[in-house]
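Worksheet: one structure, shown below.
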Amino acid sequence: MEIVRKWIQAIMALLVNGSWSFPFTRTIYQGPLKVVCSPGLNCYSCPAATTYCPIGSLQQMMAGIRIALENGQNFFGFYVVGTMGVLGGAFGRLICGWACPFGLIQELLHKIPSKKFSIPQKLNYLKYGFLLFFVILLPLTVVDDFGYGELWFCKYVCPAGTLEAGLPMLMLQPGLSRTIGIVFFNKMTILVGFILWSILASRPFCRTTCPLGAFYAFFKKLKLVKLRLIEENCTKCEECHAVCPMGVKFNESPEDAECISCLKCMDKACKFNAISLEIAGLPVGRNAGARRRPGTKQSNAVM
């Protein structure tokens, strides 16, 4: 299953970055597919990007609400929020594990041989702060003389944007180097920091900073595709703890907001059929017909 997941990650990365005309046009794709929402974090300004970034679009919506209302335009971007809600309600953070290009990049970096470190769980809450302040409040409240806000997360934080858009555009259009300033160097520092951190720890950006992951995490109890703990089969061997790239202790917290449904706990760790995959409440996959072990009581607990 891990091989299948890697192939799907690679295919999704190619689909949302499928405009290969940029070496000739030396600019950003602006075709009709640009109205499609990328499920994972993928920079709109990447020369090859065929889709828009949901976090960038959400900031754009927040940054323009005040001026829109002042001009009598009741525009709230329900298409953006609705698309994100549909994706979150269907898949939750499974998108992080299967469809996010920047998540794939972090996983590949983590394969580089080095001493590995864990990430303190308290840092997981930081991403909700980035979602609240950098994506919603600051674009909405800090405006210029014309009433427009800034895309704070994209402009000042996002390492995916620096890697996928900033650096490629500098290579395609060397004249842009004249515009480089402190903001770009600050973002380069953030990018280098996350690259090094991704080598030493698993998915640090996803766990501590990504506002899209924070948004999808709100659907942990509602998503249609989820993992289920079959409590009567669980021996509490804690093998699932060791393989989880997000630091989830699945047998202790089966509804953990950090779970990206990568299936490593089910396929690589659990030998007792204590974890199954469910779609809309129906078990699927090799553990779909899992039976409880003899001598254990039946449990009705489900995710």
Side-chain angles (χ1 to χ4, degrees), residues 1-6 8-9 88-100 103 106-107 110-111 116-128 200-208 210 213-303:
M1 185 60 70
E2 182 64 11
I3 295 176
V4 173
R5 187 174 73 92
K6 281 290 184 288
I8 293 177
Q9 284 179 298
F91 304 106
R93 294 202 69 183
L94 178 144
I95 293 171
C96 305
W98 292 74
C100 181
Q106 291 175 85
E107 288 186 5
H110 194 59
K111 290 183 178 295
K116 306 302 180 183
F117 299 88
S118 60
I119 297 176
Q121 288 193 351
K122 291 182 179 180
L123 296 182
N124 293 342
Y125 296 102
L126 290 176
K127 60 181 172 288
Y128 299 101
L200 301 174
S202 177
R203 283 179 168 256
F205 178 77
C206 303
R207 295 165 71 174
T208 67
C210 183
F215 180 86
Y216 288 148
F218 291 131
F219 296 89
K220 64 178 183 178
K221 292 181 181 293
L222 303 174
K223 58 186 179 181
L224 295 178
V225 182
K226 61 180 67 175
L227 291 176
R228 172 181 179 255
L229 175 67
I230 307 172
E231 293 185 358
E232 57 269 27
N233 285 2
C234 182
T235 64
K236 296 181 173 57
C237 65
E238 300 185 356
E239 289 294 320
C240 55
H241 300 191
V243 299
C244 181
M246 299 294 286
V248 173
K249 299 178 179 179
F250 188 78
N251 67 307
E252 299 176 7
S253 181
E255 291 187 342
D256 198 304
E258 297 302 303
C259 178
I260 59 174
S261 301
C262 65
L263 306 185
K264 286 185 177 181
C265 57
M266 184 179 80
D267 282 341
K268 287 191 172 184
C270 187
K271 300 178 177 63
F272 301 99
N273 292 332
I275 304 172
S276 68
L277 177 67
E278 287 188 350
I279 299 178
L282 300 176
V284 297
R286 66 179 181 87
N287 288 352
R291 303 288 184 181
R292 63 188 180 94
R293 291 180 290 107
T296 60
K297 296 181 179 180
Q298 180 69 37
S299 171
N300 294 322
V302 295
M303 289 180 61

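In what follows, every heavy atom counts, from backbone to side chain, and hydrogens, waters and symmetry copies are set aside. Treat the numbers as computed from the prediction; the structure is a model and nothing was measured.
Between Gln9 and Arg5 the shortest side-chain heavy-atom distance falls below 4.5 Å. Within the 4.5 Å cutoff, the side chain of Lys220 has no heavy atoms near those of the Lys226 side chain. In this structure, the side chains of His241 and Asn251 come closer than 4.5 Å at one or more pairs of heavy atoms. Proximity of Pro204 to Gln106: side-chain heavy atoms (C-beta onward) are separated by under 4.5 Å at one or more points. Looking only at side-chain heavy atoms (C-beta outward), Cys262 and Pro245 come within less than 4.5 Å of each other. For the pair Val225 and Leu277, the minimum side-chain heavy-atom distance is below 4.5 Å.
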List the atom pairs, with distances to 0.1 Å, where a side-chain N or O of residues 89-99 and a protein N or O form a donor-acceptor pair under 3.5 Å, not counting sequence neighbours.
| from | atom 1 | to | atom 2 | distance (Å) |
| --- | --- | --- | --- | --- |
| Arg93 | NH1 | Glu258 | OE1 | 3.3 |
| Arg93 | NH2 | Cys206 | O | 3.2 |
| Trp98 | NE1 | Ser261 | O | 2.7 |

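Here the shortest heavy-atom pairing between Leu229 and Pro254 reads CB-CB, 3.9 Å. For the pair Ser202 and Ile119, the tightest heavy-atom approach, listed with the atom from each and the gap, is O-CD1, 3.7 Å. Here the shortest heavy-atom pairing between Val248 and Cys259 reads CG2-N, 3.8 Å. Shown here for Met1 and Asp267, the closest heavy-atom pair between the two residues is CB-OD2, 2.6 Å.
With values rounded to the nearest 0.5 angstrom, Cys244 atom SG is found 7.0 Å from Met246 atom CE. Rounding to the nearest 0.5 Å gives a distance of 4.5 Å between CZ of Phe205 and SG of Cys210. One distance of note links OG of Ser118 with CG of Leu200; it measures 11.5 Å at 0.5 Å rounding. Atom NZ of residue Lys264 and atom CZ of residue Phe250 lie 15.5 Å apart, to the nearest 0.5 angstrom.
Although no hydrogens or angles enter the test, the distance criterion places a donor-acceptor pair under 3.5 Å between the side chain of Lys127 and the main chain of Arg207. Counting only distance, with no hydrogens or angles, the side chain of Asn233 and the backbone of Asn273 share a donor-acceptor pair below 3.5 Å.
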Under the salt bridge (charged side-chain N to carboxylate O under 4.0 Å, His left out) rule, what do Glu238 and Lys249 come out as? Steps first, then yes or no, please. CA-CA 8 Å; Glu238 300 185 356; Lys249 299 178 179 179; over 6 Å; no
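A search for side-chain hydrogen bond (donor to acceptor under 3.5 Å, both in side chains) contacts involving Asn124 returns nothing, not counting sequence neighbours. In this structure, the side-chain hydrogen bond (donor to acceptor under 3.5 Å, both in side chains) partners of Arg203, at least two apart in sequence or on a different chain, are Glu107.
By the 6.0 Å contact criterion, NZ on Lys116 is enclosed, its count of non-hydrogen atoms from other residues, nucleotides or ligands being greater than 12. Around CZ of Phe117, the count of heavy atoms belonging to other residues, nucleotides or ligands within 6.0 Å exceeds 12. The number of heavy-atom neighbours closer than 6.0 Å to CD of Glu252, taken from other residues, nucleotides and ligands shown, is above 12.
Checked against the 6.0 Å centroid criterion, the rings of Phe218 and Tyr128 qualify as a close aromatic pair.
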